[in-house]
Amino acid sequence: MARQPVLVPDSEGAGRFLPWVIAVMTFLATLMTAGALATDTAIRGWSSALTGTLTVEIAADPDADMDARVAATVTLLRTTAGVRDARPLERAEIARLLEPWLGRNGLIDDLPVPRLIDVELDDAAELDIGRLAGRLAERVPGARIDDHTAWLDRLVHLARGLQFLAAGIVLLIGLAMICVIVFATRAAFAAHHDVIEVLHLIGARDAYIARHFQNHALAMGLRGGLAGLALAALTLLPLGYAAADLGLPVLPELSSPPLPAALLLLIPAAAALIALVTARTTVLRALSRMP
Amino acid sequence: MVRFENVGMRYGRGPEVLRDISFTLDAGTFSFLTGPSGAGKSSLLKLLYLAQRPSRGLVTLLGHDVSTMTRAGLPALRRQIGIVFQDFRLLGHLSVLDNVALPLRIAGDGGPRVRDNAVELLEWVGLGEKLQARPTTLSGGEQQRVAIARAVISKPNLLLADEPTGNVDDHVGYRLVRLFEELYKTGTTVVVATHNKSLVNRFQHPRLVIENGELTDVSGVSRVS
Ligand SMILES: Nc1ncnc2c1ncn2[C@@H]1O[C@H](COP(=O)(O)OP(=O)(O)OP(=O)(O)O)[C@@H](O)[C@H]1O
Ligand SMILES: [Mg+2]
């Protein structure tokens with residue numbers, strides 16, 4: 001004997017659109033999460049590139065002994081706590097940096113090019129950059145510290161703000177999804193009220209009745225969630241390739257840290273889980289009003 | 001088996017539709033519940049099949065005090081009670097066979113004997129040919145017999161029927177009551193609610209007469225103080 005389901009799924013009413021609604025919501029949540037994760041990758045890239053280093057620039061002065069000024073600066077830097085290493089850039093290196101603008105024609109030898117010193121820090125927090133700047137100005141005329149951390153801080157701040165915004169939007173999407181599922185489940189419950197009452201009166205436990213609704217919600221949540229994920233992949237992958245050409249992070253790195261990419265796969269799973277738990281809770285609450 | 005003491009019942013915040021109901025039913029007895037339309041027969045049955053809880057008084061069913069029982073304990077008790085609803089309440093999307101097997105499935109029995117049991121019962125009520133039919137394609141009398149088969153498949157200790165003779169002629173009604181009699185002889189307590197006085201008079205069974213929410217006659221049924 002074929003085992004028919006005791007409750008027929010509500011294919012007429014609100015339940016019919018539920019997978020689509022869940023698909024759209026999963027799509028949006030996945031985009032938001034991908035954006036937040038890509039921002040994270042970007043922040044890490046900037047930070048590792050920029051923190052722990054500074055540049056000291058000594059303005060060109062045709063009347064001064066620039067090599068002496070560079071040597072004095074390097075000595076001072078190397079004796080400062082928190083500095084791991086200070087390395088003056090050779091003229092040749094500076095020339096190579098400027099090559100795109102000046103060409104390879106020896107023009108640089110005639111120009112008053114400032115001298116640069118790359119400084120590697122042990123621990124950026126340990127170093128009092130203000131004091132170092134003061135001491136440098138005292139000893140070496142024309143020396144200036146280019147500290148990227150202030151700029152970086154503001155950039156990171158902005159990026160973190162955007163991430164919070166994305167997290168908030170994902171949260172709102174989740175709440176909206178819960179509301180939609182509550183309404184759809186209540187509609188299905190009302191549509192099947194007669195059948196449910198019979199089941200209840202002939203001794204079905206609440207969990208038995210709830211199971212039919214939660215399984216159905218789980219199936220719809222999975223279908224909708226996977227459709228949303230597929231949609232998001234179709235959107236993100238071309239965008240990611242286009243951005244990779246520009247060196248911009250759009251996708252979280254799919255290869256190196258596997259965690260962020262896995263996080264995106266969790267979103268449809270979360271949608272299905274939300275559908276299941278919400279439907280179950282809604283039905284159990286409705287049943288608890290029956291004696 | 002069944003014991004009511006000064007029971008009152010109301011729907012929501014409405015007036016009491018049952019007042020001061022007191023009686024007991026012993027195991028393996030057959031009783032009629034009669035009275036005019038609107039008197040409260042269905043309401044009293046709802047107390048018996050636990051669709052309503054009393055608003056006052058004491059209801060004891062199958063050894064359990066219903067008024068103090070937790071909600072979680074009720075399903076197990078309901079499984080010992082068979083109900084034939086006035087409007088049958090068969091599930092339209094299930095076959096006749098699955099409808100009859102439903103109480104056992106709900107109780108967690110998925111075994112192969114469930115089917116044999118259901119087939120046997122459907123043959124008993126004369127529907128052995130209609131196992132796979134949908135209830136909606138059956139006549140009213142046939143649906144009623146499916147409802148009876150569903151009510152008895154779990155061998156209930158208490159069998160309740162609400163107007164089982166409502167939409168059948170007297171002859172069929174008589175045969176139905178004889179069908180229920182087969183059950184009480186096997187130890188089930190049977191209560192049949194009907195306003196059909198002439199039918200009740202053809203049998204010697206005790207009767208509870210209810211009028212305007214109160215028991216007015218309990219001939220043959222023990223009345224508790
Ligand atoms: N669900 C309900 N909500 C509120 N009042 C109800 C409800 N069901 C019944 N009543 C009221 O309770 C009273 C008794 O109704 P009940 O259905 O028990 O009568 P009955 O004896 O079964 O009548 P009948 O022979 O017509 O089936 C009536 O006054 C009715 O209006
Ligand atoms: Mg009635």
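No hydrogens, no waters, no symmetry mates; every other heavy atom, side chains included, goes into these values. For clarity, every value in this text was computed on a predicted model and none was experimentally measured.
Chain A forms more heavy-atom pairs under 4.5 Å with one residue of Arg53(B), Gln52(B), Arg71(B) than with any other, namely Arg71(B). Here Leu201(A) is the residue among Asp206(A), Leu201(A), Asp194(A) with the most heavy-atom pairs under 4.5 Å with chain B.
Counting only residues at least two apart or in different chains, ring-ring contact (aromatic ring centres under 6.0 Å, His included) contacts with residues 261-291 of chain A are absent.
When heavy atoms are compared at a cutoff of 4.5 Å, Arg89(B) approaches chain A by way of both its backbone and its side chain. When heavy atoms are compared at a cutoff of 4.5 Å, Ala107(B) does not approach chain A at all. With a 4.5 angstrom heavy-atom cutoff, Ala151(B) does not touch chain A via any of its atoms.
A donor-acceptor pair is defined here as one N or O able to donate and one able to accept, closer than 3.5 Å; such a pair exists between the side chain of Thr188(B) and the backbone of Pro156(B).
Under the side chain to side chain contact (heavy atoms under 4.5 Å, CB included) criterion, Pro135(B) pairs with Leu90(B), Asn99(B), sequence neighbours left out. Among residues two or more places apart in sequence or in another chain, the side chain to side chain contact (heavy atoms under 4.5 Å, CB included) test is passed with Ala27(B) by Met1(B), Thr189(B).
Between Glu181(B) and Arg178(B) there is a salt bridge, since at least one side-chain N of the basic residue sits less than 4.0 Å from a carboxylate O of the acidic one.
Within residues 164-182 of chain A, no residue has a heavy atom under 4.5 Å from a heavy atom of chain B.
Considering NE2 of His192(A) and CG of Leu199(A), their distance stands at 11.0 Å, rounded to 0.5 Å.
Neither side chain, Asp65(B) nor Thr60(B), offers a donor N or O lying under 3.5 Å from an acceptor on the other.
In this structure, the ring of Tyr49(B) has its center less than 6.0 angstrom from the ring center of Phe85(B).
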